[in-house]
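Structure first, commentary second.
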Amino acid sequence: MGASPMNKTITIDGKTVPFVDGQTIMDAAMAFGIYIPHLCHNPEFEPHGSCKLCVVSVNGRNMTSCTMPAVEDMVVANDTPELNDDRKALVQMLFVEGNHICPACEASGNCQLQAAAYYLNMLSPHFTHFYPQRKVDASHPDIFLDLNRCILCELCVRASREVDGKNVFGISGRGIDTHLVVNSASGRLGDTNFAATDKAAHVCPTGAILIKRQGYKIPIGQRTFDRKKISEVQMELIEQIKPEPDDG
Amino acid sequence: MDEKKKIRVATCSLAGCFGCHMSLLDIDEKLFDLLGMIEFDRTPFTDIKHCGSCDIGIVEGGVSNAENARVLKEFRDNCKVLVAIGACAIDGNVPALRNNIDLWDCFREVYLYEGGLEGNQIPNDPELPLPFDKVYPIYEVVKVDYFLPGCPPSADTIWKFLTDLIEGREPKLSYEMLRYD
């Protein structure tokens, strides 16, 4: 019972999980090897807390695990039928709110929205489809922007601002009219300094931002989530980007 | 065994491409096992025009026009268990790409503006079913009991699903079998 910074723990689904001050429930869970479903969260960026897939029950209250700091002795429920049902409903709402035609999408098999739906055993979108009118912007020589597939996770907004230092994307409108906008006078991606090598071009969890001329290099059936569940893929990702495991 | 009443199954393709039916035929020699357990009512494989009383109705494709809606209602009225097979029945899929385009704009583009057409006119024969403003997933029109996603679902997936259903188990697909593409 020394005073090492890792001797604080929380409990997730009955497992004792260590954490250091400043880690969120999500951070602690992922470092320990427990998958909490999420879409807007990416461990390389500041948490956003908008998709709500990562909601867990903390001492009986529902909280967003990607934004909630871990606090000693928290009792967290994650992989429960109730929470997974809520998560499935959230994913179903994302499906009907946009136009997600998987068989016609280059991202199929590499799409985290689809993979989360697989993980949650979504058999149909359940709700009434909106079939909204959304724009496709093919003006950029190397990148497609298809707003039919945007789920407003803001990862491209964050990546462009924080990593690329370009501020190419933003969010505009309110409520159901909320949408992704491009920061150029014309509103077209081709009129920005966005580049295919930018971080923001590679963080989209769906097929909203696609690099041109790449679409079917890897055939359907052999793609990331065709081979592995999103839970396994996310754990491998955490291993790759893990900061120094000894306290810094 | 022969005395045992066979499970009666009807299938149809609405706004679909018959790909799901092709995938069903892809179970190959297992078709003999299947026909040992079931008999077909209305399907594209028989020449029965209307769906009679059935245990299982399998519907491919979404609802794109008045004829689709009539057939779907006939299936729902006559089938104890209704199954939506494939992406089109479940979310509209590729036919639903027209859903955010005005129907008349679609017609004009196809029948009036397309080059090389002679005597351009929008088909208006009374025999043609009335198109709907949108293509609807079948669960937005009638109650659906089971969903079998895929474009199409693989033959193995269809076999697993059907044998579960026929043998009285809750159909359960493995991770590899649940695909939307």
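Throughout, protein chains are lettered first and strands after them, A, B, ... in sequence-line order, and every chain is numbered starting at 1.
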Whether over 12 other heavy atoms sit under 6.0 Å from Lys30(B) NZ: yes
Flag if over 12 foreign heavy atoms under 6.0 Å of CD1, Ile218(A): no
Could you walk me through whether Asp91(B) and His129(A) pass the side-chain contact (heavy atoms from CB on, under 4.5 Å) check? CA-CA 8 Å; Asp91(B) 63 24; His129(A) 285 72; 3.4 Å; yes
So which part of Phe127(A) gets closer than 4.5 Å to some heavy atom of chain B, the side chain, the backbone, both or neither? backbone
Is it the backbone or the side chain of Asp226(A) that comes under 4.5 Å from a heavy atom of chain B, or both, or neither? both
Sub-4.5 Å heavy-atom contacts with chain A: which residues of [range] show up?
range	result
residues 161-181 of chain B	Tyr175(B), Leu178(B), Arg179(B), Tyr180(B), Asp181(B)
residues 31-48 of chain B	none
residues 58-90 of chain B	Ala87(B), Ile90(B)
residues 139-154 of chain B	Tyr139(B), Glu140(B), Phe147(B), Pro149(B), Cys151(B)

Can you check whether Pro103(A) reaches Asn93(B) side chain to side chain, under 4.5 Å on heavy atoms? yes
Taking the side chain as every heavy atom from C-beta outward, state whether Asn99(A) and Leu97(B) have any atom pair closer than 4.5 Å.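 No, side chains not in contact.
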Most contacts with chain B, counted as non-hydrogen pairs under 4.5 angstrom, among Pro132(A), Ala104(A), Pro125(A):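 Going by pairs under 4.5 Å, I would pick Pro125(A).
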